Amino acid sequence: MTLATPSTGVSIAPDGRRFFVLARLDGSTGPQIVEWKDGILVPYPDVTWNGWAKGQDPSKAFVRVNAQRIGPDGALWLVDTGAPGIGNPVLPGGPKLIRIDLATNQTTRVYPLGPVTRTDSFVDDVRFNAGHAYLTDAGAPGLIVLDLASGQARRVLDGDPSTVSDRAVSAEGRPMHGPDGKPLHIHADQIEVSPDGRWVYYQPSSGRMSRIDTRYLDDTDLDAASLATHVERFADTPSTGGTAIDAEGNLYVSDTDQLSVLKLMPDGSRTMLVQDPRLVWVDAMWIDADGRLWMPAAQLNRMAPFNGGADRVAKPLRVFTLDIGAKPAPNDHR
């Protein structure tokens, strides 16, 4: 499948509908969330949600969506960073988690994340388990635990070494630099939940994956110091664009330097799943009901903001699939 604009995530509904988040890190305009209909990318859920402009209410439209995925409830969930671009501060009312009913194509709930974000936050991704949503903050390093029923959110592991990038992210063998020319550090980024709901796996984009038992994350009475003692180092992963997890608890981790995808078993052992020069910055992956792994080659590292203003993205952009003979984790999506 080919796209004109980099996609940093794909979701496939049980009925075959396909949804993409389009990266706008280069300052380009246009819809951020789209549905693939007969080869045409249609703004989803509508033009209004995709039509935010400076000066408008950031709580009622997409400021900059970084992640989208169909959750275990069958709804489409969107993570809005609330900041209009890289290096821009978060707008009041901008950071939010949005739920869209795919049956009606209507927004059913918006969870404001302002109380648990900061001006330098970059709410990155989300996963679900037992009435909770877990989100990563790649800007102000930490995790966010959201009670989906009450809407109450808490910051946890705030500034913990497991959420902080201690090395610059790299891709195609080169350290990446931000628009300011400094080495690029992307803090807590990728996140997955084990199929039995016990473990939350997470890591900075530069790698070194940790995990923590969900019973501790969900415990509102546990203080920050006590919570930190339950963090475990899981795997020394490479610089990574995206991850996925299957029904057996195997993790799929993209390697942005080796242009490959690794398979990490629950015991921490690993194997090379696929390596191909076309797999440039594989971002958020997806396992469909037919056992295929969807891999959007976003080429994020080649975009102008990370190359001193020079765009090296090779178009068209592609989303690759690979038959892995595995099913998605039922607590991840249907």
Side-chain angles (χ1 to χ4, degrees), residues 3 5 7-24 29-84 90-117 123-135 144-153 193 284 286 288-289 294 296 328 330-334:
L3 302 170
T5 302
S7 173
T8 53
V10 55
S11 291
I12 315 297
D15 61 2
R17 296 170 69 186
R18 303 174 185 177
F19 300 90
F20 299 88
V21 57
L22 301 182
R24 299 293 181 184
T29 59
Q32 300 179 43
I33 300 298
V34 295
E35 181 178 1
W36 177 280
K37 290 186 175 181
D38 299 323
I40 299 174
L41 298 179
V42 179
Y44 190 84
D46 53 39
V47 173
T48 300
W49 268 102
N50 283 275
W52 180 84
K54 186 177 180 180
Q56 295 180 346
D57 186 348
S59 68
K60 297 181 179 179
F62 306 145
V63 178
R64 206 193 77 73
V65 176
N66 189 68
Q68 61 79 33
R69 64 184 298 103
I70 297 171
D73 61 349
L76 185 68
W77 294 81
L78 314 174
V79 178
D80 191 342
T81 67
V90 167
L91 300 176
K96 51 191 175 290
L97 178 66
I98 304 157
R99 182 187 187 276
I100 301 176
D101 187 329
L102 292 181
T104 63
N105 300 316
Q106 297 295 313
T107 300
T108 58
R109 188 160 182 181
V110 176
Y111 294 88
L113 299 176
V116 288
T117 52
V123 187
D124 191 278
D125 210 346
V126 64
R127 295 297 185 272
F128 305 93
N129 187 65
H132 291 92
Y134 307 110
L135 301 102
I144 295 170
V145 179
L146 172 65
D147 184 304
L148 293 171
S150 69
Q152 294 296 310
V193 179
W286 184 262
D288 68 20
W294 290 68
N331 60 338
D332 188 75
H333 62 270
R334 298 177 183 176

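These figures come from a predicted structure and were not determined experimentally.
Salt-bridge formation is not detected for the pair Asp125/Arg69: no Lys NZ or Arg NE/NH1/NH2 atom is positioned less than 4.0 Å from an Asp or Glu carboxylate oxygen. The residues Arg127 and Asp332 are annotated as salt-bridged, a charged nitrogen and a carboxylate oxygen being separated by less than 4.0 angstrom. Electrostatic pairing of Glu35 and Arg17 counts as a salt bridge here, judged by a charged N lying under 4.0 Å from a carboxylate O.
Residue Thr8 holds its OG1 atom at 8.0 Å from CG of Leu22, rounded to the nearest 0.5 Å. The distance from the CZ atom of Arg99 to the CG atom of Leu148 is 9.5 Å, given to the nearest 0.5 Å. Note that the CG atom of Asp80 and the CG atom of Leu113 stand 9.0 Å from one another [nearest 0.5 Å]. Annotation: the span from Ile100 atom CD1 to Phe19 atom CZ amounts to 8.5 Å, rounded to 0.5 Å. Atoms NZ and CG, on Lys54 and Leu91 in that order, are 9.5 Å from each other to the nearest 0.5 Å. Within the model, atoms CZ of Arg18 and CG of Leu41 stand 11.0 Å from one another, a figure rounded to the nearest 0.5 Å.
Contact between Thr48 and Ala61 at its shortest, heavy atoms only, is O-CB, 4.0 Å. Annotation for Leu146 and Gly151: closest pair CD1-O, 3.5 Å, computed over non-hydrogen atoms. When all heavy atoms of Ala289 and Pro328 are compared, the pair lying nearest together is CA-CD, 4.4 Å. Scanning all heavy atoms of the two residues, the minimum distance from Gln32 to Val63 falls at NE2-O, 3.2 Å. Heavy-atom minimum distance, Asn66 versus Thr81: CB-CG2, 3.7 Å. Summarising the geometry of Pro45 relative to Phe62, their closest heavy-atom pair is CD-CZ, 3.9 Å, with the distance given to 0.1 Å.
At a threshold of 4.5 Å between non-hydrogen side-chain atoms, the residues Asp288 and Trp294 count as touching. The side-chain heavy atoms of Asp124 and Leu135, taken from C-beta on, include no pair separated by under 4.5 Å. For the pair Val65/Val79, no side-chain contact is recorded, criterion being any heavy-atom separation below 4.5 Å from C-beta on. For the pair Val116/Val145, no side-chain contact is recorded, criterion being any heavy-atom separation below 4.5 Å from C-beta on.
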**Study point:** Worked verdict on Gln68 versus Leu76 for side-chain contact (heavy atoms from CB on, under 4.5 Å)
**Key:** CA-CA 7 Å; Gln68 61 79 33; Leu76 185 68; 3.2 Å; yes
Exercise for review: Kindly determine whether Tyr134 and Val126 satisfy side-chain contact (heavy atoms from CB on, under 4.5 Å), including the steps that lead there.
Suggested key: CA-CA 5 Å; Tyr134 307 110; Val126 64; over 6 Å; no
Review point. Please walk me through it: do Phe20 and Ile33 pass side-chain contact (heavy atoms from CB on, under 4.5 Å)?
Key: CA-CA 6 Å; Phe20 299 88; Ile33 300 298; over 6 Å; no
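Listed by chain and number, the residues in a side chain to side chain contact (heavy atoms under 4.5 Å, CB included) with Lys60 are Asp57 (sequence neighbours excluded).
With Trp52 contributing its side chain and Gln56 its backbone, the two residues share a donor-acceptor pair below 3.5 Å. Between the side chain of Ser59 and the backbone N or O of Gly94, no donor-acceptor pair lies under 3.5 Å. No side-chain donor-acceptor contact under 3.5 Å links Thr107 to the backbone of Arg109.
Here the rule is side chain to side chain contact (heavy atoms under 4.5 Å, CB included) with Tyr44, and of Leu102, Leu78, Val34 only Leu102 fits it.
Ring orientation note: the planes of Trp77 and Phe128 are tilted relative to one another, at an angle of 30° to 60°.
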